[in-house]
Enquirer: 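Below you'll find the structure I mean.
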Amino acid sequence: MIERNSRHLFNRLSCKQLKALTRSTLVRASTSLPLPLQDLAERLYQTPSVKDSQRFQKPKLSQTAFTIQHYAGPVTYQTENFLDKNKDFVVAEHQQLLEASSRSFVQELFASEQVPEGADTPTKAAPRAAFKFNSVGSQFKKQLGELMSQLHTMEPHYVRCVKPNGLNKPGLFGNSDALHQLRCGGVLEAVRISCAGFPNKRPFPDFVDHFWSLAPQLYHMPDLDDRQIAEGILKQSGLEGYQLGTSKVFLRAGQMALLDKQRTDKLSKAAVQLQRHARGFLGRLHFRQSKQAVVRMQAWARGMLARKEARALRQEKAATTIQTAYRRHKMRQQYQAVVHTITHLQALWRGYSARKAFAEMQRQRAALVIQSNWRGTTCRSDFQALREAAVLVQGAFRCKQAVCELRQLKSEAREASKLLEDKKALEAKLREVQGTLELVQGQRNELRQELKELKAALAQAGEAQQAVASERKAAVAAVRE
(Lines give C-alpha, C1' and ligand atoms only; values in the text may rest on other atoms or scores of the structure.)
Protein backbone atom coordinates (compact mmCIF):
# COMPACT_ATOMS: atom_id res chain seq x y z
CA MET A 1 0.00 0.00 0.00
CA ILE A 2 1.34 3.46 -0.89
CA GLU A 3 1.23 5.92 1.96
CA ARG A 4 0.66 9.51 0.87
CA ASN A 5 0.71 11.66 4.03
CA SER A 6 2.18 9.56 6.86
CA ARG A 7 4.32 6.55 7.63
CA HIS A 8 1.82 5.01 10.03
CA LEU A 9 -0.59 2.40 8.60
CA PHE A 10 -3.72 1.44 10.44
CA ASN A 11 -2.47 2.60 13.85
CA ARG A 12 -5.95 2.67 15.36
CA LEU A 13 -7.56 -0.32 13.53
CA SER A 14 -6.99 -3.70 15.08
CA CYS A 15 -5.53 -6.60 13.16
CA LYS A 16 -8.69 -8.68 13.73
CA GLN A 17 -10.80 -6.12 11.82
CA LEU A 18 -8.46 -6.13 8.82
CA LYS A 19 -7.57 -9.85 8.83
CA ALA A 20 -10.89 -10.99 7.36
CA LEU A 21 -10.82 -8.21 4.74
CA THR A 22 -7.36 -8.83 3.39
CA ARG A 23 -7.25 -12.65 3.51
CA SER A 24 -8.96 -13.14 0.18
CA THR A 25 -7.07 -10.23 -1.34
CA LEU A 26 -3.70 -11.66 -0.38
CA VAL A 27 -4.65 -15.14 -1.57
CA ARG A 28 -5.60 -13.79 -4.99
CA ALA A 29 -2.38 -11.73 -5.08
CA SER A 30 -0.25 -14.81 -4.33
CA THR A 31 -1.90 -16.73 -7.19
CA SER A 32 -1.41 -13.71 -9.55
CA LEU A 33 -5.13 -13.48 -10.28
CA PRO A 34 -6.55 -10.17 -11.50
CA LEU A 35 -7.96 -7.96 -8.75
CA PRO A 36 -9.82 -4.68 -9.23
CA LEU A 37 -8.31 -1.59 -7.52
CA GLN A 38 -11.53 -0.87 -5.59
CA ASP A 39 -11.69 -4.36 -4.04
CA LEU A 40 -9.89 -3.60 -0.75
CA ALA A 41 -11.46 -0.13 -0.38
CA GLU A 42 -14.98 -1.49 -1.06
CA ARG A 43 -14.53 -4.30 1.43
CA LEU A 44 -13.46 -1.73 4.04
CA TYR A 45 -16.52 0.41 3.22
CA GLN A 46 -18.88 -2.57 3.50
CA THR A 47 -17.52 -4.15 6.68
CA PRO A 48 -19.64 -2.99 9.66
CA SER A 49 -16.87 -3.29 12.25
CA VAL A 50 -14.67 -1.00 10.18
CA LYS A 51 -17.34 1.31 8.80
CA ASP A 52 -18.79 2.03 12.24
CA SER A 53 -15.39 2.83 13.78
CA GLN A 54 -14.79 6.44 14.83
CA ARG A 55 -11.29 6.23 13.42
CA PHE A 56 -12.39 5.23 9.88
CA GLN A 57 -13.82 7.61 7.24
CA LYS A 58 -14.70 7.33 3.56
CA PRO A 59 -13.51 10.11 1.20
CA LYS A 60 -16.19 11.76 -0.91
CA LEU A 61 -14.26 12.06 -4.20
CA SER A 62 -12.33 8.78 -4.34
CA GLN A 63 -13.34 5.12 -4.52
CA THR A 64 -9.82 3.75 -3.95
CA ALA A 65 -8.94 5.58 -0.74
CA PHE A 66 -9.88 5.60 2.93
CA THR A 67 -9.08 7.92 5.86
CA ILE A 68 -7.93 6.98 9.35
CA GLN A 69 -8.00 9.38 12.30
CA HIS A 70 -4.50 9.35 13.84
CA TYR A 71 -3.30 11.20 16.94
CA ALA A 72 -2.15 14.19 14.87
CA GLY A 73 -5.17 14.27 12.53
CA PRO A 74 -6.83 12.49 9.58
CA VAL A 75 -4.54 10.67 7.10
CA THR A 76 -5.81 9.40 3.72
CA TYR A 77 -4.36 6.20 2.19
CA GLN A 78 -4.61 5.04 -1.46
CA THR A 79 -5.03 1.41 -2.51
CA GLU A 80 -3.79 1.93 -6.06
CA ASN A 81 -0.93 -0.35 -7.12
CA PHE A 82 -1.23 -2.16 -3.83
CA LEU A 83 -0.43 -5.51 -5.48
CA ASP A 84 1.25 -4.53 -8.74
CA LYS A 85 4.45 -3.29 -7.15
CA ASN A 86 4.95 -6.62 -5.35
CA LYS A 87 4.72 -8.70 -8.58
CA ASP A 88 8.20 -7.77 -9.84
CA PHE A 89 10.38 -10.86 -10.19
CA VAL A 90 14.13 -11.07 -9.67
CA VAL A 91 15.88 -11.93 -12.93
CA ALA A 92 18.32 -14.82 -12.61
CA GLU A 93 21.00 -13.16 -14.75
CA HIS A 94 20.82 -9.99 -12.62
CA GLN A 95 21.06 -12.08 -9.47
CA GLN A 96 24.15 -13.90 -10.73
CA LEU A 97 25.78 -10.66 -11.94
CA LEU A 98 25.31 -8.87 -8.62
CA GLU A 99 26.35 -11.96 -6.67
CA ALA A 100 29.68 -11.95 -8.57
CA SER A 101 30.36 -8.30 -7.60
CA SER A 102 33.78 -7.34 -6.20
CA ARG A 103 32.19 -5.62 -3.20
CA SER A 104 31.35 -7.78 -0.22
CA PHE A 105 28.33 -5.64 0.73
CA VAL A 106 26.67 -6.15 -2.69
CA GLN A 107 27.41 -9.89 -2.56
CA GLU A 108 25.74 -10.11 0.83
CA LEU A 109 22.64 -8.23 -0.40
CA PHE A 110 22.11 -10.50 -3.41
CA ALA A 111 23.40 -13.81 -2.05
CA SER A 112 21.65 -16.94 -3.35
CA GLU A 113 19.66 -19.17 -1.04
CA GLN A 114 21.65 -21.87 0.70
CA VAL A 115 20.63 -25.46 -0.02
CA PRO A 116 19.73 -27.30 3.19
CA GLU A 117 21.71 -30.37 4.16
CA GLY A 118 20.46 -33.64 2.68
CA ALA A 119 18.83 -31.96 -0.32
CA ASP A 120 19.79 -32.80 -3.86
CA THR A 121 22.32 -30.62 -5.59
CA PRO A 122 20.46 -28.36 -8.01
CA THR A 123 21.23 -28.52 -11.66
CA LYS A 124 22.24 -25.62 -13.86
CA ALA A 125 18.67 -25.00 -14.84
CA ALA A 126 17.48 -25.07 -11.23
CA PRO A 127 18.47 -21.49 -10.31
CA ARG A 128 16.63 -20.09 -13.30
CA ALA A 129 13.49 -22.04 -12.37
CA ALA A 130 13.86 -21.00 -8.71
CA PHE A 131 14.13 -17.28 -9.53
CA LYS A 132 11.16 -17.42 -11.82
CA PHE A 133 8.61 -17.21 -9.00
CA ASN A 134 10.82 -15.35 -6.50
CA SER A 135 9.16 -11.92 -6.37
CA VAL A 136 10.09 -8.80 -4.44
CA GLY A 137 7.15 -9.30 -2.08
CA SER A 138 8.17 -12.87 -1.26
CA GLN A 139 11.74 -11.79 -0.59
CA PHE A 140 10.54 -8.99 1.65
CA LYS A 141 8.21 -11.36 3.49
CA LYS A 142 11.04 -13.82 4.02
CA GLN A 143 13.43 -11.14 5.28
CA LEU A 144 10.73 -9.75 7.56
CA GLY A 145 10.14 -13.22 9.03
CA GLU A 146 13.85 -13.66 9.69
CA LEU A 147 13.97 -10.24 11.35
CA MET A 148 10.96 -11.07 13.58
CA SER A 149 12.51 -14.40 14.59
CA GLN A 150 15.73 -12.63 15.59
CA LEU A 151 13.80 -9.97 17.54
CA HIS A 152 11.86 -12.68 19.45
CA THR A 153 15.16 -14.25 20.56
CA MET A 154 16.43 -10.92 21.93
CA GLU A 155 15.29 -8.06 24.18
CA PRO A 156 15.20 -5.10 21.78
CA HIS A 157 15.01 -1.51 22.96
CA TYR A 158 13.54 0.92 20.47
CA VAL A 159 14.83 4.47 20.14
CA ARG A 160 12.43 6.94 18.59
CA CYS A 161 14.24 9.72 16.73
CA VAL A 162 12.77 13.22 16.69
CA LYS A 163 13.78 15.74 14.05
CA PRO A 164 14.71 18.94 15.95
CA ASN A 165 14.01 21.44 13.14
CA GLY A 166 12.99 21.61 9.51
CA LEU A 167 16.03 23.62 8.39
CA ASN A 168 18.54 20.78 8.89
CA LYS A 169 20.81 23.07 10.93
CA PRO A 170 22.57 22.27 14.23
CA GLY A 171 21.81 24.12 17.42
CA LEU A 172 18.12 24.78 16.60
CA PHE A 173 15.24 23.05 18.43
CA GLY A 174 11.64 23.67 17.53
CA ASN A 175 9.27 22.84 20.38
CA SER A 176 6.18 22.78 18.20
CA ASP A 177 7.80 20.48 15.60
CA ALA A 178 9.04 18.04 18.24
CA LEU A 179 5.65 17.99 19.98
CA HIS A 180 3.91 17.38 16.65
CA GLN A 181 6.21 14.42 15.89
CA LEU A 182 5.69 12.91 19.34
CA ARG A 183 1.94 13.31 19.01
CA CYS A 184 1.93 11.75 15.54
CA GLY A 185 4.04 8.83 16.71
CA GLY A 186 1.71 8.09 19.62
CA VAL A 187 4.39 8.70 22.23
CA LEU A 188 2.29 11.11 24.26
CA GLU A 189 -0.67 8.73 24.21
CA ALA A 190 1.55 5.84 25.27
CA VAL A 191 3.00 7.92 28.11
CA ARG A 192 -0.48 8.93 29.25
CA ILE A 193 -1.67 5.32 29.27
CA SER A 194 1.47 4.19 31.05
CA CYS A 195 1.15 6.89 33.72
CA ALA A 196 -2.50 6.00 34.30
CA GLY A 197 -1.45 2.50 35.38
CA PHE A 198 1.89 1.28 36.73
CA PRO A 199 4.56 2.91 34.55
CA ASN A 200 7.52 1.71 36.64
CA LYS A 201 8.21 -2.03 36.49
CA ARG A 202 11.33 -3.68 37.85
CA PRO A 203 12.24 -7.33 38.50
CA PHE A 204 12.62 -8.41 42.12
CA PRO A 205 16.42 -8.98 41.95
CA ASP A 206 17.06 -5.59 40.37
CA PHE A 207 14.71 -3.88 42.83
CA VAL A 208 16.42 -5.52 45.82
CA ASP A 209 19.91 -4.75 44.52
CA HIS A 210 19.00 -1.08 44.09
CA PHE A 211 16.92 -0.45 47.25
CA TRP A 212 18.39 -2.94 49.76
CA SER A 213 19.81 -0.01 51.76
CA LEU A 214 16.23 0.91 52.87
CA ALA A 215 15.97 -2.39 54.80
CA PRO A 216 19.48 -3.83 55.33
CA GLN A 217 18.32 -6.19 58.10
CA LEU A 218 15.99 -7.96 55.61
CA TYR A 219 18.69 -8.11 52.93
CA HIS A 220 21.07 -10.04 55.21
CA MET A 221 18.47 -12.66 56.21
CA PRO A 222 19.31 -15.84 54.26
CA ASP A 223 15.84 -17.41 54.60
CA LEU A 224 14.05 -14.60 52.67
CA ASP A 225 13.78 -14.51 48.88
CA ASP A 226 13.81 -11.40 46.66
CA ARG A 227 10.00 -11.08 46.64
CA GLN A 228 9.76 -11.05 50.45
CA ILE A 229 12.65 -8.62 50.73
CA ALA A 230 11.04 -6.31 48.15
CA GLU A 231 7.71 -6.46 49.99
CA GLY A 232 9.44 -5.61 53.28
CA ILE A 233 11.25 -2.66 51.68
CA LEU A 234 7.98 -1.26 50.31
CA LYS A 235 6.23 -1.63 53.69
CA GLN A 236 9.02 0.03 55.60
CA SER A 237 9.15 2.92 53.10
CA GLY A 238 5.42 3.61 53.62
CA LEU A 239 4.36 3.45 49.95
CA GLU A 240 0.80 2.56 48.92
CA GLY A 241 0.71 2.76 45.11
CA TYR A 242 2.38 -0.56 44.28
CA GLN A 243 1.55 -4.13 43.31
CA LEU A 244 3.64 -7.29 43.50
CA GLY A 245 3.54 -9.55 40.50
CA THR A 246 5.06 -12.93 39.84
CA SER A 247 8.54 -11.65 38.95
CA LYS A 248 8.28 -7.84 39.04
CA VAL A 249 7.33 -4.93 41.24
CA PHE A 250 4.80 -2.51 39.72
CA LEU A 251 4.84 1.10 40.94
CA ARG A 252 2.56 4.01 40.14
CA ALA A 253 3.83 7.32 38.82
CA GLY A 254 6.01 9.16 41.35
CA GLN A 255 6.55 6.19 43.68
CA MET A 256 9.96 5.37 42.21
CA ALA A 257 11.07 8.97 42.82
CA LEU A 258 10.02 8.71 46.47
CA LEU A 259 11.97 5.48 46.88
CA ASP A 260 15.02 7.05 45.22
CA LYS A 261 14.74 10.05 47.54
CA GLN A 262 14.57 7.82 50.64
CA ARG A 263 17.50 5.78 49.33
CA THR A 264 19.50 8.95 48.62
CA ASP A 265 18.76 10.36 52.09
CA LYS A 266 19.80 7.13 53.79
CA LEU A 267 22.96 6.83 51.72
CA SER A 268 23.74 10.48 52.47
CA LYS A 269 23.38 9.85 56.22
CA ALA A 270 25.61 6.80 55.97
CA ALA A 271 28.12 8.80 53.96
CA VAL A 272 28.08 11.52 56.64
CA GLN A 273 28.82 8.93 59.32
CA LEU A 274 31.67 7.50 57.29
CA GLN A 275 33.01 10.96 56.62
CA ARG A 276 32.81 11.82 60.35
CA HIS A 277 34.86 8.78 61.36
CA ALA A 278 37.29 9.25 58.49
CA ARG A 279 37.74 12.94 59.26
CA GLY A 280 38.25 12.19 62.96
CA PHE A 281 40.91 9.61 62.17
CA LEU A 282 42.59 11.95 59.69
CA GLY A 283 42.39 14.84 62.19
CA ARG A 284 44.07 12.80 64.96
CA LEU A 285 46.70 11.58 62.53
CA HIS A 286 47.32 15.13 61.34
CA PHE A 287 47.52 16.37 64.95
CA ARG A 288 50.16 13.76 65.89
CA GLN A 289 52.17 14.54 62.78
CA SER A 290 51.85 18.28 63.41
CA LYS A 291 52.96 17.85 67.04
CA GLN A 292 56.06 15.89 66.02
CA ALA A 293 56.83 18.45 63.35
CA VAL A 294 56.40 21.33 65.85
CA VAL A 295 58.79 19.70 68.37
CA ARG A 296 61.36 19.11 65.65
CA MET A 297 60.96 22.68 64.40
CA GLN A 298 61.36 24.05 67.97
CA ALA A 299 64.63 22.14 68.38
CA TRP A 300 65.89 23.49 65.09
CA ALA A 301 64.74 27.01 65.97
CA ARG A 302 66.45 26.97 69.40
CA GLY A 303 69.69 25.76 67.89
CA MET A 304 69.47 28.39 65.23
CA LEU A 305 68.79 31.12 67.84
CA ALA A 306 71.77 30.01 69.95
CA ARG A 307 74.06 30.08 66.93
CA LYS A 308 72.64 33.42 65.96
CA GLU A 309 73.30 34.86 69.48
CA ALA A 310 76.91 33.62 69.47
CA ARG A 311 77.45 35.11 66.07
CA ALA A 312 75.92 38.40 67.29
CA LEU A 313 78.36 38.53 70.24
CA ARG A 314 81.31 37.99 67.94
CA GLN A 315 80.02 40.65 65.60
CA GLU A 316 79.52 43.08 68.54
CA LYS A 317 83.13 42.66 69.68
CA ALA A 318 84.41 43.15 66.16
CA ALA A 319 82.18 46.20 65.76
CA THR A 320 83.56 47.74 68.97
CA THR A 321 87.11 47.38 67.69
CA ILE A 322 86.16 48.85 64.32
CA GLN A 323 84.34 51.74 66.02
CA THR A 324 87.40 52.59 68.12
CA ALA A 325 89.65 52.79 65.08
CA TYR A 326 87.04 54.67 63.09
CA ARG A 327 86.38 57.25 65.82
CA ARG A 328 90.11 57.92 66.20
CA HIS A 329 90.43 58.40 62.47
CA LYS A 330 87.33 60.61 62.42
CA MET A 331 88.54 62.88 65.25
CA ARG A 332 91.87 63.35 63.48
CA GLN A 333 90.06 64.31 60.31
CA GLN A 334 87.83 66.75 62.23
CA TYR A 335 90.85 68.44 63.86
CA GLN A 336 92.60 68.82 60.54
CA ALA A 337 89.42 70.22 59.03
CA VAL A 338 89.07 72.80 61.87
CA VAL A 339 92.66 73.95 61.40
CA HIS A 340 92.19 74.27 57.67
CA THR A 341 88.90 76.16 58.18
CA ILE A 342 90.44 78.66 60.61
CA THR A 343 93.35 79.33 58.24
CA HIS A 344 90.94 79.81 55.38
CA LEU A 345 88.75 82.19 57.43
CA GLN A 346 91.74 84.29 58.36
CA ALA A 347 92.74 84.55 54.73
CA LEU A 348 89.21 85.49 53.78
CA TRP A 349 89.00 88.17 56.49
CA ARG A 350 92.24 89.75 55.50
CA GLY A 351 91.23 89.74 51.85
CA TYR A 352 87.89 91.18 52.78
CA SER A 353 89.45 94.02 54.78
CA ALA A 354 91.82 94.91 51.94
CA ARG A 355 89.00 94.80 49.41
CA LYS A 356 86.86 96.93 51.69
CA ALA A 357 89.54 99.63 51.99
CA PHE A 358 90.12 99.56 48.27
CA ALA A 359 86.40 99.77 47.62
CA GLU A 360 86.13 102.76 49.97
CA MET A 361 88.88 104.51 48.07
CA GLN A 362 87.16 103.76 44.79
CA ARG A 363 83.87 104.97 46.19
CA GLN A 364 85.35 108.29 47.33
CA ARG A 365 87.05 108.80 43.98
CA ALA A 366 83.82 107.95 42.14
CA ALA A 367 81.92 110.38 44.42
CA LEU A 368 84.37 113.15 43.52
CA VAL A 369 84.01 112.38 39.84
CA ILE A 370 80.24 112.32 40.14
CA GLN A 371 80.19 115.61 42.08
CA SER A 372 82.40 117.36 39.54
CA ASN A 373 80.35 116.00 36.64
CA TRP A 374 77.11 116.91 38.32
CA ARG A 375 78.25 120.46 39.07
CA GLY A 376 79.51 120.94 35.52
CA THR A 377 76.29 119.52 34.16
CA THR A 378 74.23 121.81 36.40
CA CYS A 379 76.16 124.87 35.34
CA ARG A 380 76.00 123.98 31.69
CA SER A 381 72.30 123.22 31.90
CA ASP A 382 71.67 126.58 33.63
CA PHE A 383 73.76 128.38 31.02
CA GLN A 384 72.09 126.66 28.17
CA ALA A 385 68.67 127.33 29.64
CA LEU A 386 69.55 130.97 30.10
CA ARG A 387 70.94 131.18 26.57
CA GLU A 388 67.91 129.49 25.10
CA ALA A 389 65.65 131.86 27.01
CA ALA A 390 67.62 134.85 25.78
CA VAL A 391 67.56 133.58 22.21
CA LEU A 392 63.86 132.98 22.44
CA VAL A 393 63.25 136.42 23.88
CA GLN A 394 65.42 138.02 21.20
CA GLY A 395 63.64 135.96 18.52
CA ALA A 396 60.27 136.94 19.85
CA PHE A 397 61.22 140.59 20.11
CA ARG A 398 62.74 140.67 16.64
CA CYS A 399 59.68 138.86 15.26
CA LYS A 400 57.45 141.42 16.90
CA GLN A 401 59.52 144.31 15.47
CA ALA A 402 59.54 142.61 12.06
CA VAL A 403 55.77 142.20 12.21
CA CYS A 404 55.34 145.86 13.17
CA GLU A 405 57.67 146.96 10.43
CA LEU A 406 55.89 144.68 7.97
CA ARG A 407 52.57 146.18 8.87
CA GLN A 408 53.99 149.65 8.57
CA LEU A 409 55.53 148.84 5.25
CA LYS A 410 52.34 147.26 4.01
CA SER A 411 50.38 150.31 4.97
CA GLU A 412 52.91 152.65 3.39
CA ALA A 413 53.77 150.60 0.32
CA ARG A 414 51.10 150.74 -2.24
CA GLU A 415 53.02 150.46 -5.37
CA ALA A 416 54.57 147.37 -6.89
CA SER A 417 58.12 148.64 -6.78
CA LYS A 418 57.81 149.57 -3.17
CA LEU A 419 56.33 146.19 -2.34
CA LEU A 420 59.15 144.38 -4.18
CA GLU A 421 61.79 146.22 -2.27
CA ASP A 422 60.02 145.62 0.99
CA LYS A 423 59.72 141.96 0.07
CA LYS A 424 63.42 141.68 -0.57
CA ALA A 425 64.18 143.42 2.72
CA LEU A 426 61.85 141.09 4.58
CA GLU A 427 63.39 138.04 2.91
CA ALA A 428 66.80 139.19 4.07
CA LYS A 429 65.55 139.61 7.61
CA LEU A 430 63.86 136.18 7.44
CA ARG A 431 67.10 134.55 6.40
CA GLU A 432 68.84 136.22 9.32
CA VAL A 433 66.19 134.97 11.76
CA GLN A 434 66.44 131.41 10.33
CA GLY A 435 70.21 131.47 10.83
CA THR A 436 69.71 132.55 14.40
CA LEU A 437 67.23 129.68 14.98
CA GLU A 438 69.59 127.13 13.47
CA LEU A 439 72.35 128.32 15.78
CA VAL A 440 70.07 128.01 18.81
CA GLN A 441 69.00 124.47 17.79
CA GLY A 442 72.64 123.39 17.41
CA GLN A 443 73.44 124.65 20.87
CA ARG A 444 70.42 122.79 22.26
CA ASN A 445 71.56 119.52 20.65
CA GLU A 446 75.01 119.90 22.13
CA LEU A 447 73.50 120.42 25.58
CA ARG A 448 71.40 117.25 25.16
CA GLN A 449 74.49 115.21 24.20
CA GLU A 450 76.34 116.40 27.26
CA LEU A 451 73.35 115.50 29.43
CA LYS A 452 73.35 111.93 28.00
CA GLU A 453 77.05 111.57 28.76
CA LEU A 454 76.50 112.71 32.35
CA LYS A 455 73.68 110.15 32.80
CA ALA A 456 75.92 107.38 31.45
CA ALA A 457 78.65 108.34 33.91
CA LEU A 458 76.13 108.26 36.75
CA ALA A 459 74.95 104.78 35.69
CA GLN A 460 78.57 103.53 35.61
CA ALA A 461 79.14 104.93 39.07
CA GLY A 462 75.98 103.17 40.37
CA GLU A 463 77.12 99.85 38.87
CA ALA A 464 80.53 100.23 40.47
CA GLN A 465 78.90 100.95 43.80
CA GLN A 466 76.65 97.82 43.47
CA ALA A 467 79.68 95.66 42.61
CA VAL A 468 81.49 96.95 45.69
CA ALA A 469 78.41 96.21 47.84
CA SER A 470 78.14 92.63 46.44
CA GLU A 471 81.83 92.00 47.13
CA ARG A 472 81.34 93.30 50.64
CA LYS A 473 78.38 90.94 51.23
CA ALA A 474 80.33 87.97 49.89
CA ALA A 475 83.27 88.73 52.17
CA VAL A 476 80.93 89.03 55.17
CA ALA A 477 79.29 85.70 54.33
CA ALA A 478 82.66 84.04 53.96
CA VAL A 479 83.78 85.40 57.32
CA ARG A 480 80.58 84.10 58.96
CA GLU A 481 81.11 80.63 57.47
Side-chain angles (χ1 to χ4, degrees), residues 1-11 13 15 18-41 43-44 64-66 68 75-164 166 168 170 181 184-186:
M1 180 178 293
I2 297 177
E3 178 184 354
R4 177 171 293 183
N5 296 325
S6 176
R7 292 177 298 173
H8 303 282
L9 298 174
F10 306 106
N11 286 346
L13 293 177
C15 295
L18 297 175
K19 185 175 181 180
L21 296 175
T22 58
R23 184 182 296 113
S24 60
T25 305
L26 295 176
V27 170
R28 296 179 65 181
S30 61
T31 55
S32 301
L33 296 176
L35 181 69
L37 297 177
Q38 297 87 354
D39 187 39
L40 178 60
R43 287 177 178 272
L44 290 173
T64 61
F66 59 93
I68 295 179
V75 179
T76 302
Y77 300 96
Q78 295 289 339
T79 59
E80 296 178 357
N81 300 326
F82 174 64
L83 299 176
D84 294 342
K85 74 184 185 91
N86 296 322
K87 294 179 181 179
D88 296 335
F89 297 102
V90 179
V91 183
E93 289 78 3
H94 296 173
Q95 178 75 18
Q96 294 175 0
L97 179 62
L98 294 173
E99 186 178 357
S101 174
S102 59
R103 297 182 178 274
S104 59
F105 180 69
V106 179
Q107 292 179 3
E108 185 178 356
L109 287 177
F110 296 94
S112 60
E113 298 181 3
Q114 297 181 359
V115 181
E117 297 181 359
D120 297 336
T121 303
T123 60
K124 294 182 179 180
R128 185 182 302 273
F131 287 119
K132 182 177 181 182
F133 298 101
N134 189 10
S135 63
V136 176
S138 60
Q139 283 190 356
F140 177 76
K141 182 179 179 181
K142 179 181 178 182
Q143 294 174 0
L144 184 60
E146 294 176 356
L147 177 62
M148 292 303 296
S149 61
Q150 291 181 2
L151 291 177
H152 285 306
T153 58
M154 302 177 184
E155 295 181 0
H157 297 276
Y158 296 97
V159 178
R160 187 177 296 276
C161 299
V162 178
K163 188 175 182 181
N168 298 329
Q181 295 178 50
C184 292

Enquirer: Residues in side-chain contact (heavy atoms from CB on, under 4.5 Å) with Lys163, at least two apart?
Expert: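 Lys163: side-chain contact (heavy atoms from CB on, under 4.5 Å) contacts with Asn168, Gln181.
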
Enquirer: Starting at CE of Met148, measure out to OG1 of Thr153 and round the result to the nearest 0.5 Å.
Expert: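 These two atoms lie 11.0 Å from each other.
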
Enquirer: Between the main-chain N or O of Gln78 and the side-chain N or O of Thr64, is there a donor-acceptor pair closer than 3.5 Å?
Expert: no

Enquirer: Which donor-acceptor pairs under 3.5 Å do side chains of residues 102-110 form with protein atoms, sequence neighbours excluded?
Expert:
from   : atom 1 : to     : atom 2 : distance (Å)
Gln107 : NE2    : Ser101 : O      : 2.2

Enquirer: Taking the side chain as every heavy atom from C-beta outward, state whether Ile68 and Val75 have any atom pair closer than 4.5 Å.
Expert: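 Sidechains of Val75 and Ile68: no contact.
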
